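What you see is a predicted model; the values in this text were computed from it and never measured. Numbers restart at 1 for each chain; the letters A, B, ... are given by sequence-line order, proteins then strands. Only this structure's heavy atoms are used, side chains among them; waters, hydrogens and symmetry mates stay out.
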Amino acid sequence: MLETAAGATPLDVERLRRDFPVLDQEVNGRPLVYLDNAATSQKPVQVIEAIEAYYRSDNANVHRGIHELSRRATELYEGARKTVARYLGGVDPEEVIWTRGTTEAINLVAASWGGANLTEGDEILLSVMEHHSNLVPWQLVAERTGAQLRYLELNDDGTLRLDDLDGLLGERTRIVALTQVSNSLGTINPITEIARRVHDAGALLLVDGAQGAAHHGVDLTSLGADFYAFSGHKMCGPTGVGALWGRRELLESMPPWQGGGEMISLVERDHSTYAPIPHKFEAGTPNIAGAVGLAAAVEYLEQIGPAAILAHEQDLTRYAMERLQTLPAIRVFGPEDPSMRAGVVSFVLGDAHPHDISTILDSEGIAIRAGHHCTQLVMKHYGVSATARASFYLYNTRDEVDRLMDGLATVHSIFA
Amino acid sequence: MSELKLNSLYQQLILEHYRSPKNRGKLDDATVSIRMRNPTCGDDITLQLRVDDDEVIQDVRFYGEGCSISQASASIMTTLLKERSLDDAIQIAARFTALMHGDEDAAKDRSLRDLRALQGVSKFPVRIKCALLGFDALQEAVRKTRGEPALEA
């Protein structure tokens with residue numbers, strides 16, 4: 001859903017910042033300004049302490065032991081699944097499969113669902129806006145099955161060319177895989193509208209929620225996706241944990257994609273029977289501490305409110321875009337209307353290469369991302385090899401945007 | 001302090017080579033052409049040499065795009081290569097690599113000439129690979145000319 005969250009209560013950012021120990025430091029002699037949140041977010045003490053408490057007092061393997069610690073670890077681990085299911089709009093926890101993150105979740109669908117359902121000549125519809133993690137898994141399964149990849153193109157304002165959608169959705173289109181929020185342009189895609197059209201054409205929709213889950217909350221009961229993939233580390237959780245949500249009947253019909261312990265029911269010499277979902281897709285000892293940390297992150301975000309977080313990010317985005325436009329030779333990518341984007345601002349500045357911009361900003365304690373942001377097709381669309389990207393989260397401030405502008409003035413003085 | 005460090009990185013000579021690179025373009029009669037990319041950041045350089053039968057570099061060009069460090073480094077590198085042997089080229093690449101890794105002797109090595117302006121890069125570990133991209137291409141070009149197997153996949 002496109003939620004612009006107007007009227008949300010403003011965040012008490014100064015109080016929230018105290019929850020994030022990493023922000024309280026100097027880098028190159030200046031207070032750190034962390035504007036690389038689309039790459040990964042920082043972690044509040046609530047998350048760090050939840051992970052520490054788990055290892056200090058509850059650590060054991062899950063679903064195996066009869067002993068007390070195993071019972072506690074299992075309860076925390078399965079409790080975390082319920083917490084995540086609640087955050088996703090109150091879905092069935094059994095439809096939530098733990099993965100290492102968005103990338104692994106998409107690979108799971110491409111390999112398991114794709115491997116079982118795609119045949120030569122079937123079509124997979126992607127967009128040029130996708131992160132490589134929502135492109136390469138489909139290229140791999142297309143190679144294996146003979147399926148064809150088709151692409152929804154970009155408008156120059158960084159939105160998808162949705163006028164082309166119905167024409168691209170053909171009889172052979174089996175699945176459409178799109179991002180909810182572009183990590184390099186900030187564009188929020190109208191997923192619910194797209195889902196209706198995809199379903200009318202008889203195809204499935206996988207949504208890459210790596211940015212979406214972190215930056216504007218999600219209600220999977222109304223979004224219209226058939227699969228939804230996201231990562232914990234972009235939403236205040238630890239790295240190495242994320243989840244795939246899928247509609248029950250799809251998950252139940254899909255073959256396992258990795259074999260091992262935890263995912264089986266009975267093992268005999270030449271075959272096995274598999275555990276029901278979600279465990280069918282969770283071979284091996286899982287990232288228990290990661291799940292515990294992610295649940296703590298979800299509780300933290302729920303307390304603040306995803307709508308308020310998005311409103312805060314959009315305020316910073318609006319302010320940053322206004323100030324950036326005052327620079328000579330600036331080119332800002334993505335939708336002009338800040339309410340159509342999450343807290344991501346990509347830009348290039350005159351002749352200064354994004355790497356040089358990033359090095360100069362870093363020397364003033366400001367962290368941004370420079371490069372192709374794992375979206376080489378987007379870079380190609382705009383005819384650039386890289387952009388500089390500032391991305392905001394709940395703990396960023398307008399003062400930090402001002403620091404960014406001061407840093408860009410230094411860039412200008414060196415490269416003008 | 002960080003401003004000093006920054007000034008040592010973005011020396012005038014480097015910015016001049018970035019804005020007006022030397023030997024930029026294509027060689028019609030190149031004997032070897034190597035494209036090197038840094039996949040994490042998109043720097044992209046194609047280096048072309050015309051090498052004669054005595055392993056002497058008769059001409060050199062490069063093209064591509066990338067940050068000031070990668071482009072300036074490649075530009076300065078090409079100014080040192082004309083009329084030099086492949087052995088000399090390998091030697092220059094080795095000395096420059098040492099310079100990037102903080103070797104004090106390399107910093108005093110006059111044979112590196114203008115390349116010494118890039119010494120400041122060694123204080124920015126994440127940028128060293130930018131400065132070495134052209135030299136990686138050079139070493140690959142020498143291997144290819146000599147019929148040795150490529151190091152890079």
Side-chain angles (χ1 to χ4, degrees), chain A residues 26-33 36 39 132 135-136 184 329 346 348-389 403 406-416, chain B residues 1-21 24 35-46 62-76 100 117-134 136-137:
Chain A
E26 292 197 344
V27 168
N28 289 320
R30 303 288 303 280
L32 167 66
V33 174
D36 194 15
H132 297 164
L135 295 176
V136 184
S184 55
S346 272
V348 292
L349 185 58
D351 288 338
H353 190 279
H355 287 170
D356 294 313
I357 295 175
S358 185
T359 290
I360 293 165
L361 293 177
D362 181 57
S363 75
E364 300 187 8
I366 304 160
I368 63 152
R369 174 89 183 262
H372 53 61
H373 319 296
C374 296
T375 55
Q376 290 185 16
L377 300 186
V378 173
M379 300 296 115
K380 202 169 258 180
H381 174 88
Y382 288 107
V384 295
S385 63
T387 70
R389 180 186 73 185
R403 286 273 308 281
D406 293 345
L408 292 176
T410 310
V411 173
H412 186 70
S413 72
I414 291 173
F415 279 90
Chain B
M1 179 182 157
S2 74
E3 196 173 324
L4 272 178
K5 211 170 107 181
L6 205 57
N7 290 340
S8 79
L9 181 66
Y10 293 113
Q11 301 219 353
Q12 250 345 290
L13 186 73
I14 293 174
L15 293 171
E16 278 164 24
H17 275 273
Y18 177 52
R19 289 191 191 105
S20 315
R24 192 180 170 85
R35 183 176 186 185
M36 277 282 168
R37 279 176 286 192
N38 187 335
T40 58
C41 59
D43 285 347
D44 185 339
I45 281 177
T46 299
F62 83 101
Y63 59 90
E65 52 187 314
C67 63
S68 63
I69 305 303
S70 69
Q71 300 297 301
S73 166
S75 171
I76 300 172
M100 288 300 97
L118 286 153
Q119 191 188 346
V121 178
S122 66
K123 304 281 194 301
F124 292 82
V126 296
R127 302 302 298 277
I128 292 171
K129 63 183 189 306
C130 307
L132 290 176
L133 192 64
D136 290 343

- Item | Straight-line distance of B:Cys67 SG to A:Ile357 CD1, nearest 0.5 Å |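 Answer rounded to 0.5 Å: 11.5 Å.
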- From B:Asn7 CG over to A:Ser363 OG, what is the distance, rounded to the nearest 0.5 angstrom?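 Answer for the CG-OG pair, B:Asn7 versus A:Ser363, is 9.5 Å.
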- Item | Minimal non-hydrogen separation, A:His353 against B:Ser68, with atom names |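 Here A:His353 and B:Ser68 meet closest at CB-N, 4.3 Å.
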- Message: Among B:Ile69, B:Val121, B:Leu9, which residue satisfies the side chain to side chain contact (heavy atoms under 4.5 Å, CB included) criterion with A:Thr359?
- Response: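 Testing A:Thr359 for a side chain to side chain contact (heavy atoms under 4.5 Å, CB included) against B:Ile69, B:Val121, B:Leu9 leaves exactly one candidate, B:Leu9.
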- Begin from the C-alpha positions of B:Phe124 and A:Asp362 and carry the test side-chain contact (heavy atoms from CB on, under 4.5 Å) through to its verdict. CA-CA 11 Å; B:Phe124 292 82; A:Asp362 181 57; 5.8 Å; no
- Task: Tabulate, in ascending numerical order, the residues of residues 408-416 of chain A having at least one heavy atom closer than 4.5 Å to a heavy atom of chain B, or enter 'none'.
- Result: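 So the qualifying residues are A:Thr410, A:Ile414, A:Phe415, A:Ala416.
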- Message: With no hydrogens and no angle check, just 3.5 Å: does a side-chain donor-acceptor pair link B:Tyr18 and A:Asp351?
- Response: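 Not at all, the side chains of B:Tyr18 and A:Asp351 share no donor-acceptor pair under 3.5 Å.
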- Message: Taking salt bridge (charged side-chain N to carboxylate O under 4.0 Å, His left out) as the definition, give me every residue that meets it alongside B:Arg24, ordered by chain and number, with sequence neighbours left out.
- Response: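 With sequence neighbours excluded, B:Arg24 shows a salt bridge (charged side-chain N to carboxylate O under 4.0 Å, His left out) to no residue whatsoever.
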- Message: The test is side-chain contact (heavy atoms from CB on, under 4.5 Å); show your working for B:Val126 and A:His355 and say whether it passes.
- Response: CA-CA 10 Å; B:Val126 296; A:His355 287 170; over 6 Å; no
- Query: Considering only heavy atoms, which portion of A:Ala352 lies under 4.5 Å from any heavy atom of chain B: side chain, backbone, both, or neither?
  - Reply: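 For A:Ala352, backbone heavy atoms alone lie under 4.5 Å from chain B.
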